[in-house]
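Some notes on the structure that comes next.
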Amino acid sequence: MPVMMYNTLTRKKEEFIPLEKDKVKMYVCGPTVYNYIHIGNARPAIVFDTVRRHLQYRGFDVKYVSNFTDVDDKLIRAANELGEEVPVIADRFINAYFEDTHALGCQKADVHPRVTENIELIIEFIEQLVEKGFAYESGGDVYYRTRQFDGYGKLSHQSIDELKVGARIGAGEKKDDALDFVLWKAAKEGEISWGSPWGEGRPGWHIECSAMARKYLGDSIDIHAGGQDLTFPHHENEIAQSEAVTGKPFARYWLHNGYINIDNEKMSKSLGNFVLVHDIIKEIDPQVLRFFMLSVHYRHPVNYNKELLDSSAAALGRLKIAYENLKHRKQSSTNLTNDDDQWLEKVNAHHDRFLAEMDDDFNTANAISVLFDLSKDANVYLLEQHTSVQVIDTFLSKYEDMFFVLGLTIQGEELLDEEIEDLIEQRNQARKDRNFTRADEIRDQLKELNIILEDTSQGIRWRRG
RNA sequence: GGCGGCAUAGCCAAGCGGUAAGGCCAAGGUCUGCAAAACCUUUACCACCGGUUCGAGUCCGGUUGCCGCCUCCA
């Protein structure tokens with residue numbers, strides 16, 4: 001089964017064929033680190049982490065690169081406001097980024113390059129553009145001569161003349177053409193800067209990705225991804241820069257995730273309705289946020305509010321309980337029984353369907369629905385008089401595989417401390433004595449401690465509430 | 001003006017020509033000492049109007065309403 005993915009470049013769902021067999025070179029545009037990430041930043045992190053996981057599960061060796069923009073106007077402004085140096089702020093929020101995305105179940109990239117660590121590289125890249133006639137210096141700035149690049153607009157499917165209409169006039173008097181964009185910005189007084197053939201300054205925004213993707217992944221890469229708002233101009237400009245220099249196709253597959261709205265409104269600073277991951281995961285399990293994001297197809301917009309999160313929490317909880325109940329039942333299971341073949345078949349069928357859904361443009365919404373089907377079958381299976389270790393193990397391992405692909409974790413075995421073990425024992429005795437008042441008392445007491453007890457015909461079962 | 005997306009049950013959300021997956025919530029039932037967990041049952045004229053087709057949420061045309069990009073933005 002081939003992996004199919006929607007390619008913004010062709011506007012079609014295409015079979016994924018990497019440049020090099022079984023290897024994937026993947027670049028995902030990372031954040032500008034001037035603040036904690038908000039849930040809008042979290043979406044691409046989660047979505048493309050899931051893409052990566054699925055490709056890994058499908059046997060690809062994925063090299064995943066995601067950058068940090070650690071110098072730009074927003075950082076300089078933040079530095080001025082806080083009275084701190086740009087690198088200090090950048091470091092702080094890079095660390096916070098790792099903390100937050102780790103909590104959300106995102107694997108670290110193989111490389112997280114930073115702009116400030118690649119200034120030389122970027123300057124060389126710009127020099128090549130100048131040499132080839134695609135860029136020109138103007139008053140200490142360097143601009144990309146957009147009209148020089150034939151394919152400009154191929155990603156966003158705009159003709160250059162249509163873009164011209166929308167382009168803001170007067171945005172840069174130093175430009176030859178309104179559509180030209182900056183590669184190198186001359187430093188203003190007191191701004192953080194680096195020396196260059198054009199004087200003190202710093203890189204423009206788009207150039208970093210071209211330079212760093214090339215350095216870590218090569219002239220041509222398989223997948224380039226980011227939020228859909230990056231399609232134009234950021235990714236369009238990247239293509240213009242990279243292909244002008246190398247003469248080769250930059251990225252074969254362009255993936256873009258949809259936006260997040262808050263209570264049906266666009267999340268924005270001016271509306272004051274943006275939600276920081278750092279804050280929200282103090283209130284809710286970060287896994288729930290991830291699950292919530294994955295319950296909508298990645299290219300569709302997702303609306304965010306607390307009620308929807310609660311609904312996701314309940315849904316995810318059900319999946320986890322089913323898994324835990326399987327584990328509990330394993331202890332009292334025996335060897336294979338007659339009916340087992342059909343159960344094994346069912347479990348494997350679910351697993352196959354899960355992968356098929358993921359293969360189909362990473363349809364996590366449908367993949368999750370398979371998880372519910374699996375859980376349903378697990379629960380029905382647990383209704384049987386006799387269960388076998390083999391079937392339970394198959395359920396469990398498929399569960400774990402699917403959770404891995406989605407980047408969700410299921411807690412492992414936990415031990416209870418002696419005091420609680422003792423209380424459970426006391427309650428068992430009380431129940432045997434038919435002293436239900438005492439039994440309920442203990443159950444309530446444990447509930448206070450966040451331990452939920454469930455009586456089953458295979459003995460007591462507990463879980464964290 | 002250009003490019004694009006969306007409109008499916010109280011809520012969320014799949015669906016890509018063959019008479020509507022899944023989840024949350026709700027109601028009834030079963031199981032249970034009581035719970036919990038779970039299982040069973042119940043809940044959709046797919047925005048509107050035309051068209052193509054034996055057959056259309058699903059394709060085509062139009063209407064209405066929302067939204068995104070075209071400017072820093074995930």
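Below, chain A is the first sequence line, B the second, and so on; all start at residue 1.
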* Asked: Is a salt bridge present between A:Asp72 and A:Arg77, judged by a nitrogen-to-oxygen distance below 4.0 Å?
  ->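 Salt bridge: no.
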* May I ask which nucleotide in the shown strands pairs with B:U32, Watson-Crick or G-U wobble, both distances under 3.5 Å? =>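 Looking at the geometry, B:U32 pairs with no nucleotide.
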* Asked: Can the ring centres of A:Phe181 and A:His206 be said to be less than 6.0 Å apart?
  ->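 Under 6.0 Å, so yes.
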Check the distance between [N]'s [atom2] and [X]'s [atom1] and give it to me in whole angstrom.
X        : N     : atom1 : atom2 : value
A:Tyr259 : B:C69 : OH    : C1'   : 9 Å
A:Leu319 : B:G22 : CG    : P     : 14 Å
A:Glu236 : B:C73 : CD    : C1'   : 17 Å
A:Asp373 : B:A14 : CG    : P     : 16 Å
A:Phe372 : B:A21 : CZ    : P     : 17 Å

* Asked: Would you say A:Glu15 has more than 12 foreign heavy atoms packed within less than 6.0 Å of its CD?
  ->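 Buried by this count: over 12 neighbours within 6.0 Å.
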* Counting just side-chain N and O atoms, does A:Trp205 come under 4.0 Å of either OP1 or OP2 of B:C73? ->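 So the side-chain polar atoms of A:Trp205 do come within 4.0 Å of the phosphate oxygens OP1 or OP2 of B:C73, strictly under.
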* Side-chain N,O (A:Asn363) to OP1/OP2 (B:G15) below 4.0 Å ->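 The answer is yes; a side-chain N or O of A:Asn363 sits under 4.0 Å from OP1 or OP2.
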* Asked: Which nucleotide sits closest to the side chain of A:Thr32: B:A74, B:A37, B:A14?
  ->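 Nearest to the side chain of A:Thr32 among the choices is B:A74.
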* Asked: A:Asp229 side chain: which of B:G23, B:C69, B:A36 is closest?
  ->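 Selected nucleotide (nearest to the side chain): B:C69.
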* To do: State the syn/anti category of B:G57 according to its glycosidic angle, syn meaning within 90° of 0.
  =>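 Syn, which is what one calls it when the glycosidic angle falls within 90° of 0.
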